[in-house]
Amino acid sequence: MMISVDRDEEGRLKDGKNVLEVQNVTKEFGSLVALNNVSIWIEEGKITGLIGPNGAGKTTLFNVITGQFRADKGKVFFRGKDITKLKPYQIARRGIGRTWQVIRIFPNMTVLENLMTAANLRERNAGEKALELLELAGLVAEKDSYAGELSTGQQKFLELVRILMFDADVMLLDEVAAGINPTEQLAALELIHNLCDQKGKTFFIVEHDMDVIMGHCDKVICLNFGEKIAEGTPKEVQNNEKVIRVYFGA
Amino acid sequence: MKKVKLVLVLGLAVVLVAAFVLPGCAPPKEEVEPIKIGCSLALTGKYSWTGERYKEGLLVWQTQVNERGYSSGLEWCGHTEPGLIDGRPVEVIIYDDKSDPATGVKLYHKLITEDKVDLCFGPYSSAIAKAISTVVERYEMPTASCGASDPGIWGGNNLQWMVQGMQPTDEYFPGVADIAAKMGAKTAAIIHEDTAFPISLMNSFRGQLEAKGIEVVLCEAYPKGITDWTPILTKAMAAKPDVVGIGGYEPDSIGLTKAAQALKADAGIFVWTVGAGAPTYVEAVGDACYAMCCESLWEGILDTPGNEEYLEATYRIAGLPPEKHEYHTTFGYLAGQLMEIAVKEVGAIDKEAIRDTLFEMEVETVYGPYKVLPLDSPDSGFQTASKGLLIQWQPKKVGVEYPPGQVIIGDWVKEVIYPYELATAEPIWPHPGWD
Amino acid sequence: MELLIIALVEGILLGSVYGLGAMGLSLIFGIMRIINLVHGEFLMLGAFTCFWLWFLLGMNPIGATFVAMLVIAALAAFLYKVAIFRVVGKFPLLSRVLTFGLAIFLWNFSEFAFGSTFRSVNYPTGSIGFLGSYLSVNKIICFVVALIIAGVLFASLKWTRIGKALRAASQNPRVALISGINIHRIRLLSYAMGGALAGIAGGLIAIQWAIYPSIGQILILKCFAMVALGGLGSLPGALLGGVFLGIAESVGTMYWGATIAGVIAPLTVIAVFIFRPQGLWGVVERVD
Amino acid sequence: MNKSDKLRLAEKFKTDKRLWLYAIAVIVVALLIALPRIVSPYLCSVVFLMFIYIAYAEAWNIMTGFTGYINFGFSVFAGIGGYASAILIIDHGIWWPVGWLLGGVFASIGALILGSFMLRLRGSYFAIGMLCLLLAAPVLATTEYLIPLTHGGYGFQFVQPVSDLTMYYSAFFISAATVFVAYKIITSSFGAKLLAIREDEEGAGSIGINTTKEKISAFAISGFFAGLAASVFFAFQNYIDPSSAFSAWYNSLPIIMVLLGGIGTLWGPVVGAVIMTFVEEFFWSVLPETYFMACGAVIVLLVLLLPGGIITWFKSRGILPRTRAI
């Protein structure tokens with residue numbers, strides 16, 4: 001499945017058809033090497049999972065991709081264009097949205113206002129679009145509540161649909177299923193699948209819950225101490241020796 | 001919904017019409033009501049110390065007039081029954097403008113339109129007087145301004161309603177240039193605060209010095225709110241001036257004197273403005289006040305009509321002992337007296353006539369002579385008669401009987417050294433050193 | 001050249017007293033993360049306490065300065081207990097406006113109680129010759145007092161238990177809380193200590209310059225400049241910032257004039273903030 | 001209008017509380033327009049200052065309330081506006097409405113320039129930096145380079161060719177315009193973006209908000225209205241010098257008002273300005289010697305008892321709707 005005609009020897013799509021490519025990125029904080037020569041590629045319309053123990057550099061990788069941190073070495077390409085040196089808002093406007101490990105909605109604003117923050121200024125019917133998205137997230141009834149008053153799950157949904165507000169194509173989700181109840185978890189995953197299948201959105205998710213990763217991702221990448229140790233289908237990764245060693249200490 | 005809007009618009013119309021039709025009902029006037037004279041003073045904020053003195057003077061004047069019908073030295077004005085004229089007492093309405101020009105403007109609106117004062121006194125400090133001059137002009141209110149010395153307020157503005165009672169800044173350092181030239185001084189240094197009054201003061205001082213052939217080797221401004229004066233004085237003293245002129249306010253004179261003492265600054269004469277004439281100055285710097293000169297606009301020892309009586313009255317009414325007297329108090333008293341003379345001359349509260357009198361009269365008050373430029377002059381209202389004095393703190397001489405108006409703080413006596421005909425002592429030149 | 005050396009020495013003498021006041025502000029900021037706008041009034045009240053003790057009781061001004069320290073420390077502790085603690089750690093504007101209101105109150109209370117007259121402690125001690133000019137012995141005494149106080153403060157912060165707790169709280173309030181330090185006591189203590197430093201600096205100011213109720217408004221802005229130069233929350237930084245400001249004012253006045261010297265401080269602060277936000281000597285830490 | 005119409009109207013008023021609000025608003029506006037004919041010029045000048053305060057407070061709120069950047073240097077922009085308009089109108093003979101407008105424009109440009117480097121600072125750094133700017137401004141105005149323009153510390157006395165009535169209506173119009181613009185901002189996605197910056201600047205960047213651009217725009221808008229209101233204010237004062245242009249008191253006043261009314265709300269600054277105007281008037285006439293002190297005490301009590309401001313308190317009690325616009 002991985003090998004086909006228009007792929008190079010490492011298995012990545014040729015001719016810049018990968019929607020997102022990270023090439024040989026290194027990021028250091030003083031003496032700590034958070035990312036060491038990491039290269040990954042994300043295919044359009046797929047769900048890619050990112051796993052690894054705590055401190056493996058998952059969030060740092062997200063931060064490098066979305067411009068919060070600037071890579072010390074290496075480059076990030078989005079649809080074949082170099083976005084390494086862009087500012088976070090420029091990257092977001094190109095179509096990469098993200099959520100955070102700690103929910104970062106705006107608690108003292110209403111749900112609707114939260115969505116409006118992400119609206120394009122020139123967009124005429126931003127309000128209608130926001131309502132549509134709220135419907136998608138099942139939050140229409142809460143549109144005038146302060147976001148800080150929502151349940152954790154609702155806040156996660158809000159954060160997710162907020163990215164859709166500016167039509168992001170690639171969504172980087174940091175622990176989307178953490179801290180919410182199983183029902184909400186299912187709903188969230190269903191939403192992700194729907195977006196993926198129907199609207200062709202690309203997802204890149206950090207997740208600790210192996211069931212989520214194994215059951216829903218098309219491809220999984222495993223990081224450890226800032227290095228990529230495995231990559232492939234969930235099954236391949238699951239059976240990878242290095243991954244097993246990292247996770248089970250064997 | 002359209003009808004709702006219609007109703008609202010109609011409502012608006014009704015309210016508007018009602019508002020315009022309803023006349024501002026004025027209460028019926030009582031027959032014997034006091035003559036109201038209004039002013040705003042800096043009772044809080046940065047000029048509050050002087051504002052308080054001005055207020056004292058006004059209150060002393062008011063009390064005297066209400067008690068016996070005339071104030072010290074103005075018996076010749078007649079009307080010796082209590083009250084200003086027609087047995088009507090004076091009520092001075094004083095508001096606090098927080099040393100803020102905008103508040104001053106607001107308050108003069110209030111005084112004129114709401115309290116319906118008959119006449120006005122000027123505020124303290126040139127900045128606020130500049131701001132309110134437009135208001136009194138617009139409402140055509142005769143105003144005696146005795147707290148603003150900046151000539152710029154009158155110069156070229158052809159004011160029609162406000163007169164200057166006190167000396168303009170040109171009169172602030174009288175005779176320094178003259179004395180210095182006599183003593184053979186060659187150079188002078190000027191340090192001043194960068195605000196309206198010190199700037200205009202120092203400009204005229206500079207002119208006086210240059211006219212006498214004394215070279216100004218350094219003229220330096222310092223911003224408001226400076227705390228340490230040693231550097232600026234070190235710089236000034238490095239130019240080795242014979243005359244050191246310093247323009248600023250009260251705290252500056254203390255700080256600069258202390259700095260001069262610390263540096264053992266050596267010059268022929270030190271001249272200060274505003275602060276150094278005050279009793280508190282001597283208390284704060286002690287013996288360092290020796291031979292320090294300061295401008296003075298009025299002294300208790302002057303031979304003006306009613307001066308002695310005025311000193312007694314201030315002691316009785318405001319509790320200010322004669323030996324601690326301060327000319328800022330006399331500002332207020334002067335304002336009162338000018339109005340008193342004008343009103344009694346006219347014999348009625350006729351604003352235009354009072355204004356004409358204020359601009360035309362040529363009189364002697366407790367404060368000294370008074371005359372302003374006439375209405376048709378471009379600088380109308382500008383004071384021309386009143387002259388300034390120069391004082392110097394000198395050691396108290398043993399066995400000398402000082403007149404009651406002489407200010408004596410501890411071992412230090414405030415002596416007038418200029419003009420020569422009024423001098424009570426010879427100037428000390430050069431500065432005797434700091435030991 | 002001689003003029004430059006004189007200016008430098010004058011600047012250091014001046015800056016030490018400035019720095020003492022700024023250290024209090026920095027201490028309070030470091031531990032409570034509030035901008036203590038009432039600090040200027042602490043300085044002013046310290047100055048007046050010193051003045052009244054000298055004027056009414058004939059006390060030695062240097063001794064009176066230490067009494068002023070205690071008085072202002074007590075006042076600060078009182079204010080903390082009554083009001084300040086309620087806004088610590090809240091939206092920063094609240095503490096700003098609260099301390100601003102307190103400052104207006106104290107300032108106008110002093111104006112009401114003492115009158116707006118300018119005063120000064122008359123404590124002449126002569127001058128000593130220095131490079132053809134003179135230095136005031138008074139200033140040298142004040143400098144020595146400031147150094148002793150700063151020394152005692154630094155030593156106690158370094159070696160005593162409570163000092164260590166203070167430093168810990170300053171570096172990271174949350175961690176300090178976890179490690180069992182009573183953060184409220186620490187805050188109370190730091191606020192009182194800030195007041196004490198302001199009180200003593202105020203006393204030294206009363207000896208050197210003229211004082212009046214609104215002087216606090218001028219002094220606090222200078223304190224800001226110093227604290228900013230030294231890095232927010234850093235005590236040695238505040239002292240050095242004070243010395244830097246003193247030198248800048250004194251050298252600037254001699255070479256470019258007092259007006260230019262007046263803008264050196266604020267513009268330096270802005271430049272420092274933009275290019276070196278941790279201050280010139282500051283401890284590297286994020287402050288939000 | 002027939003009977004049933006009236007009935008419906010009555011019902012409408014009963015059910016729709018907002019209609020009452022509109023009715024009250026209309027009456028208040030009508031009263032304010034008619035005021036110069038009803039009351040003494042003094043009261044008018046108080047109300048005039050109230051309009052200026054409203055504009056100041058709302059302008060400050062646009063900057064600080066919406067974006068969370070605490071602007072302690074508000075007077076800098078007011079001063080620039082005041083100076084620019086006075087110099088243009090008096091020294092260069094520009095027609096006064098244009099002069100006032102240019103006062104606003106200059107203040108706005110000043111805000112743009114200062115903002116573009118000051119807004120790199122965050123939190124307390126920004127606050128102290130702005131305070132230092134305020135400290136530097138009056139001194140800069142008296143340096144020899146600027147004296148030909150500003151007339152230096154000597155001050156600048158002028159009479160603008162404007163009647164009190166014109167000034168009153170201009171101030172009314174300006175305050176109304178400021179509130180209207182604030183309303184437009186807060187109900188637009190631009191406003192939402194500003195609030196997002198206040199809530200979480202980094203998070204705002206990650207959803208495509210160009211935070212630098214948005215906050216500098218807010219700064220410039222705030223500066224424009226500050227300068228515009230200041231132009232009229234200094235026309236009223238007839239005099240400008242560095243210490244009154246960059247006054248510390250008029251710098252603090254908007255802050256107190258906004259905090260009193262409710263920071264980050266639309267009507268908070270208006271409510272705060274109205275209340276402060278009359279509190280000031282009241283204390284001033286009742287306690288002439290100590291009213292400044294009383295003002296200080298009131299501020300302290302407000303922070304301790306009503307930390308969110310009046311509007312926020314009403315909102316939390318459910319008396320006012322929670323939507324941003326009210």
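The model shown is predicted, which means the values in this text are computed figures rather than measured ones.
Of all residues spanning residues 251-260 of chain C, those with a heavy atom less than 4.5 Å away from chain B's heavy atoms are C/Thr253, C/Met254, C/Trp256, C/Gly257, C/Ala258, C/Thr259, arranged by number. Listed in order of number, the residues of residues 134-143 of chain C that approach chain B to under 4.5 Å between heavy atoms are C/Tyr134, C/Leu135, C/Ser136, C/Lys139. The stretch residues 195-208 of chain C places C/Ala206, C/Ile207, C/Gln208 near chain B, each with some heavy atom under 4.5 Å from a heavy atom of that chain.
C/Asn108 contributes atom CG, which lies 10.5 Å from atom NZ of B/Lys98 (distance to the nearest 0.5 angstrom).
When B/Ala236, B/Ala278, B/Ala259, B/Ala221 are compared by the number of non-hydrogen pairs under 4.5 Å with chain C, B/Ala221 comes out ahead. Considering only heavy-atom pairs separated by less than 4.5 Å from chain B, the leading option among C/Trp107, C/Phe118, C/Tyr123, C/Tyr212 is C/Phe118. Interface check for chain B: of the options C/Ser120, C/Gly246, C/Gly129, the most heavy-atom pairs under 4.5 Å are formed by C/Ser120. When the candidates B/Thr50, B/Ile232, B/Thr230 are compared by the number of heavy-atom contacts under 4.5 Å with chain C, B/Thr230 comes out ahead. In terms of heavy-atom pairs under 4.5 angstrom with chain C, the leader among B/Thr280, B/Leu256, B/Asp252 is B/Thr280. Of all the listed residues (B/Thr257, B/Ile191, B/Val285), the one sharing the greatest number of non-hydrogen pairs under 4.5 Å with chain C is B/Val285.
Looking at C/Phe51, there are no atoms closer than 4.5 Å to chain B (heavy atoms on both sides), in backbone or side chain.
Side-chain contact between C/Leu3 and B/Thr234 is present, with heavy atoms from C-beta onward closer than 4.5 Å.
Heavy atoms of other residues, nucleotides or ligands lying less than 6.0 angstrom from CZ of C/Phe109 number 12 at most.
Note on residues 258-281 of chain B: pairs passing salt bridge (Lys or Arg N to Asp or Glu O under 4.0 Å), not counting sequence neighbours, are B/Lys264-B/Asp435.
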